[in-house]
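Proteins get letters first, then strands, A, B, ... in listed order; numbering begins at 1 in each.
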2 protein chains.
Amino acid sequence: MMMNQNLQSSFRALGDPTRRQILIELGREELTITEVVSKFDLTRTAVRKHLTILEEGNLITVTRRGKERVTCLNPNGLKSTADWFNYFDQYWDNALGSLKKAIESNAHNTTSETKK
Amino acid sequence: MMMNQNLQSSFRALGDPTRRQILIELGREELTITEVVSKFDLTRTAVRKHLTILEEGNLITVTRRGKERVTCLNPNGLKSTADWFNYFDQYWDNALGSLKKAIESNAHNTTSETKK
DNA sequence: TTCTCATAACACCAAATGGTGACATGTAGA
DNA sequence: TCTACATGTCACCATTTGGTGTTATGAGAA
C-alpha cells in the first residue's frame, strides 16, 4: 500500500480544482508548462507551483525534451490515491465491492507496484 | 454526476489527514463530537471545524440524539467523490476498468443518486 | 429550578496556500 | 557568439487553514 506521506501529498494535490483540471487536460495529451498556461488564466509561476505540487503528489511525471519540460499524467499515482476509497467498499454496493476486489487481486500480477 | 461545487467541497475535506482518519473511525461506528475528540489529540473546537468541513463535503451526516450530536459516515458522498477517478480508468488496467463500468451500469438501478 | 455536561459560537493567531511580478538561467539556432 | 524563447527562482502579498482559549447555550437529571 502507498505510504501515508505520499497519500497526503496526493490528496493535498487533488484538493485544488485547478490542479484537478490540469490532470484532466493531461489525460488528453502531455503538455509543456507554457501549454498548460495557455489553457488557464494563470501566470507561469502559478502553473509551475501547481505542477510541483502535482509532482510531489506523484500524480504527474516530468521529462525534458530539448529546452522544454514535458508533463505527463501518472496513472499509477492516481490509482494509488483512488485505492484509498476501497476501505469503504463495504458501505457501497457490496456486490460490486467484492467483485472488484476479486478482479484486482487477479490483475495484481500485471500491474506494477508504485513503490519506488 | 455530482455538481462541481460539491466535488470541490469533498476533495477539500479529504485533503486533510485528520479528516480522512475521522472518516476511517466513522467507518467503524458512529460517534459524537466528544467521542471523536477522545480519539485525537485536538480541542473540541478543532474537531468541530473538521466535522463542519466534512459535512460541507457531504461525507458525513449528522443527527441529534438527546443533547448529543451524532456523526455518521455518508457512503454516498464518498462514492461520488471516488467516482471522479473513473475518468482515468482508461489509463489503469483496461480490463478492470471496462468490467467495473459494466457492473456499475448494471448496479446503477439499485443505488440512489446523490442529487438532492 | 438548579446542576451538569455536550455542544455552539466567538475572537484570535501562526502557518500554509494560491497568487503576483521581476529577474536569472539554459538550450536551440542563426 | 548572439538571440529568442522556455523554464527556473526569488521576494512579496492577501486569504485560507488549522489550531487555540474563552464564553454562551441547551437539554437531561436531581
### Task
Quick one: which residue pairs count as a ring pair (Phe, Tyr, Trp, His ring centres under 6.0 Å) with a foot in residues 54-84 of chain B, not counting sequence neighbours?
B:F11-B:W84, B:W84-B:F88
Under the side chain to side chain donor-acceptor pair (under 3.5 Å) test, which residues partner [X], sequence neighbours left out?
{"X": "B:E56", "answer": "none"}
{"X": "A:R28", "answer": "none"}
{"X": "A:R65", "answer": "A:E30, A:E68"}
{"X": "A:R69", "answer": "A:E55"}

## Note on the structure
Footprint ends on DNA chain D, 5' to 3', for atoms under 4.0 angstrom from a heavy atom of chain A, come out as D:dC5 to D:dC10
### Interface limits on DNA chain C, where chain B has a heavy atom under 4.0 Å of a nucleotide atom
C:dC5 to C:dC10
### Task
Give one of base, sugar-phosphate or nothing for A:R12, where a contact means two heavy atoms less than 4.0 Å apart.
sugar-phosphate
### Message
Return the CG to CG distance between B:L78 and B:L26, rounded to the nearest 0.5 Å.
### Response
10.0 Å
### Query
Want to settle it: does A:D16 or A:R64 sit nearer the 5' end of DNA chain C, counting the closest nucleotide to each?
A:D16
### Query
Got a donor-acceptor contact below 3.5 angstrom from the B:R20 side chain to the B:L14 backbone?
yes
### N/O donor-acceptor pair under 3.5 Å between A:S10 side chain and A:T81 backbone
no
### Query
With sequence neighbours excluded, what pairs up with B:T61 under the side-chain contact (heavy atoms from CB on, under 4.5 Å) test?
B:C72, B:N74
### Task
Return the set of residues passing side-chain contact (heavy atoms from CB on, under 4.5 Å) with A:K39 (not counting sequence neighbours), or none when no residue passes.
A:E25, A:E29, A:L31
### Query
Does anything in residues 40-52 of chain B pair up under salt bridge (Lys or Arg N to Asp or Glu O under 4.0 Å), and if so which pairs, sequence neighbours excluded?
none
## Note on the structure
All heavy atoms of B:R64 vs all of B:K67, minimum pair found to be NH2-O, 3.6 Å
### Least distance between heavy atoms, B:G15 atom then A:Q8 atom
O-NE2, 3.0 Å
### Query
In residues 41-52 of chain B, which residues come under 4.0 Å of DNA chain D by heavy atom?
B:L42, B:T43, B:T45, B:A46, B:K49, B:H50
## Note on the structure
Within residues 18-39 of chain A, the residues having a heavy atom closer than 4.0 Å to DNA chain D are A:T32, A:I33, A:T34
